[in-house]
Amino acid sequence: MPSGKICGLTVKDVRFPTSLEQHGSDAMHTDPDYSAAYVIIETDSGMRGFGLTFTVGRGTEIVVCAVEALRPLVLGKSLDEITADFRSFYRLLTSDGQMRWVGPEKGVIHLATAAVLNAVWDLWARAEGKPVWKLLVDMEPEKLVSCIDFRYISDALTEEEALDILHKGQEGKQQREEDMLREGYPAYTTSCAWLGYTDQQLTQLCSKALADGWTAFKVKVGAELDDDIRRCRLIRQMIGPEKFLMIDANQRWDVGEAVAWVTHLSEFQPLWVEEPTSPDDILGHAHISKALAPLGIGVASGEQCHNRVMFKQFLQASALQFVQIDSCRVGSVNENLAILIMASKFNVPVCPHAGGVGLCELVQHLILFDYICVSTSLDKRMCEYVDHLHEHFKNPTLIRNAHYMPPVVPGFSSEMVESSVDKHTYPHGEVWRSMNQL
Ligand SMILES: C[C@H](O)[C@@H](O)[C@@H](O)[C@H](O)C(=O)O
Ligand SMILES: [Mg+2]
């Protein structure tokens, strides 16, 4: 079907009161209401694309404003025009002469870019009748590279190098695609050990997760050392010495404090410590990485890493050992392609971030593509999974034996259930109206 011109873009402020039960809580976000700026684009030929960016509670209204500000750049464009030269469209959104001052390519405006571009990728995949991961897998390396803006990264990754990596990734891809369709992509769970959960909840959720076949578990840390020791001990005792345990401090510490704190927790043998300090402190992460290497603990980061430029520097500085891409923080598939290919060049495994609403749905497409066409390896690789709010998506993730099973429905798995959106729209949706009356 001809896709037509984009003639409408609506954005909704959708919030879920997850803080009531402490789902998603960590050392810095103690009361997160998982939320999304949810974008629907429409074409004059009657097609629709759905995109979102993840955010938390009150911040959502600012992201919604930023999406509105991008609307004039999108209206009137046709999908064919955009995809014929996606790099230029990406630049149009990120380099607008009056808008870039509020970024560039960082913070709220970049979250808005992510939401809009995610909707465009959803539209493209629907027009092609494929899920996004398959659209990418079937795409020629030249076409993939034409979606990437190499400005600011060509000193670390040239277009030719990217092409070369992608060409190498074509070899054996058929087999890897079959492997994924059969086995799925390995996942780990964060849902057992949010910071606000009691020890009793931890125990219950962990034993259920073990029974369901999970083999890797992330624990929130960073508020009180004694609590961390007790909680890590509890989980390590339950999962035994072989399974993976990861710890996540959500930026709570200074650099020196991070090294000291994690040293205290090293007896529990975490595979990585995530976001030990400010997400902007590349050299700080490099220092922590170096200090923790002898303990066999890696550093992971990325969920609040602004853009490909910062990922470049993290990689150049050997500042992290696990790259955590996020489907909604940077400029959608376009910028994540750049990050995946850079990670491959620097030989650092990608273990995506997915702790939020919709993040699992979207990022599974990217990591499937990474395995099939870029990294070609599962070594030290797994994708985060959180077991919250999937019921609000038309095509929720499918987990089988702790693996993400590849989505089959065309698009980015980003479309939400209409009644869920209505109920959770802030502040007039039923859920919020009834809470405000309490
Ligand atoms: C506020 C959120 O739940 C975060 O705690 C979450 O994204 C987390 O950092 C994660 O790694 O999943
Ligand atoms: Mg995290």
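What you are looking at is a predicted structure, and each value in this text was computed from that prediction instead of being measured. Worth knowing before you read on, the calculation uses all heavy atoms, side chains too, and leaves out hydrogens, waters and symmetry mates. Just follow the structure's listing: the first ligand is 1, and inside any ligand the first atom is 1.
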Next item on the list: Evaluate ring-ring contact (aromatic ring centres under 6.0 Å, His included) for His424 paired with Tyr34, printing each intermediate quantity in order.
Entry: CA-CA 11 Å; His424 293 90; Tyr34 273 7; over 10 Å; no
Item checked: Audit row: Glu384, Thr190, side chain to side chain donor-acceptor pair (under 3.5 Å) steps and yes/no -> CA-CA 7 Å; Glu384 180 174 19; Thr190 306; 2.6 Å; yes
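Heavy-atom proximity to atom 12 (O) of ligand 1, evaluated over Glu303, Glu384, Gln324, is greatest for Glu384. Within the set Glu274, Lys220, His388, Gln251, the minimum heavy-atom distance to atom 8 (C) of ligand 1 is found for Lys220. For atom 6 (C) of ligand 1, the nearest non-hydrogen atom from the set Gly355, Ser301, Cys360, Gly302 comes from Gly355.
Glu267 and Arg233 are joined by a salt bridge, as a carboxylate oxygen and a charged side-chain nitrogen come within less than 4.0 angstrom of each other. Remark: Asp122 engages Arg126 in a salt bridge, criterion side-chain N to carboxylate O under 4.0 Å. Salt bridge Arg308/Glu335: present, at least one basic N to carboxylate O contact under 4.0 Å. Using a cutoff of 4.0 Å between basic side-chain nitrogens and carboxylate oxygens, Arg252 and Asp26 are not scored as salt-bridged. A salt bridge links Lys220 with Asp248: the closest approach of a Lys/Arg side-chain nitrogen to an acidic carboxylate oxygen falls below 4.0 angstrom. Looking at Asp179 and Arg176, no side-chain N of the basic residue comes within less than 4.0 Å of a carboxylate O on the acidic one, giving no salt bridge.
The protein atom (non-hydrogen) at minimum distance from atom 4 (C) of ligand 1 is Asp26 OD2, 3.3 Å. Nearest to atom 2 (C) of ligand 1 among the protein's heavy atoms is Gly24 O, 3.5 Å.
Heavy-atom contacts of His353 reach the following atoms of ligand 1: 6 (C), 7 (O), 8 (C), 10 (C), 11 (O), 12 (O) (cutoff under 4.0 Å). Atoms of ligand 1 found under 4.0 Å from any heavy atom of Lys218, numbered from 1 in the order shown, are 10 (C), 11 (O), 12 (O). For ligand 1 and Trp194, the ligand atoms under 4.0 Å from any heavy atom of the residue are 3 (O), 5 (O). Atoms of ligand 1 lying under 4.0 Å from any heavy atom of Asp248, numbered from 1 in the order shown and given with element: 8 (C), 9 (O), 10 (C), 11 (O).
Between Glu275 and ligand 1, not a single N/O pair is under 3.5 Å apart. An N or O contact shorter than 3.5 Å links Tyr34 to ligand 1 by distance. Considering both main-chain and side-chain atoms, His29 never comes within under 3.5 Å of ligand 1 through any nitrogen or oxygen pair.
A side-chain donor from one of Gln251 and Glu275 sits under 3.5 Å from a side-chain acceptor of the other. Of the N and O atoms on the side chains of His353 and Glu274, not one donor lies less than 3.5 Å from an acceptor on the other residue.
Around the Mg ion (ligand 2), the protein N, O or S atoms found under 2.8 Å comprise Asp248 OD2, Glu274 OE2, Glu303 OE1.
Contacts of Val386 with ligand 1, taken as heavy-atom pairs under 4.0 Å, are absent altogether. Heavy atoms of Val56 found under 4.0 angstrom from ligand 1: none, in either backbone or side chain.
Side-chain atoms of Thr277 come within 3.5 Å of backbone N or O of Trp253 as a donor-acceptor pair.
With contacts defined as side-chain heavy-atom distances shorter than 4.5 Å, the pair Glu361/Asn395 does not qualify.
Aromatic ring pairs are classed by plane angle as parallel below 30°, tilted from 30° to 60° and perpendicular above 60°; the pair Trp272 and Phe322 is tilted.
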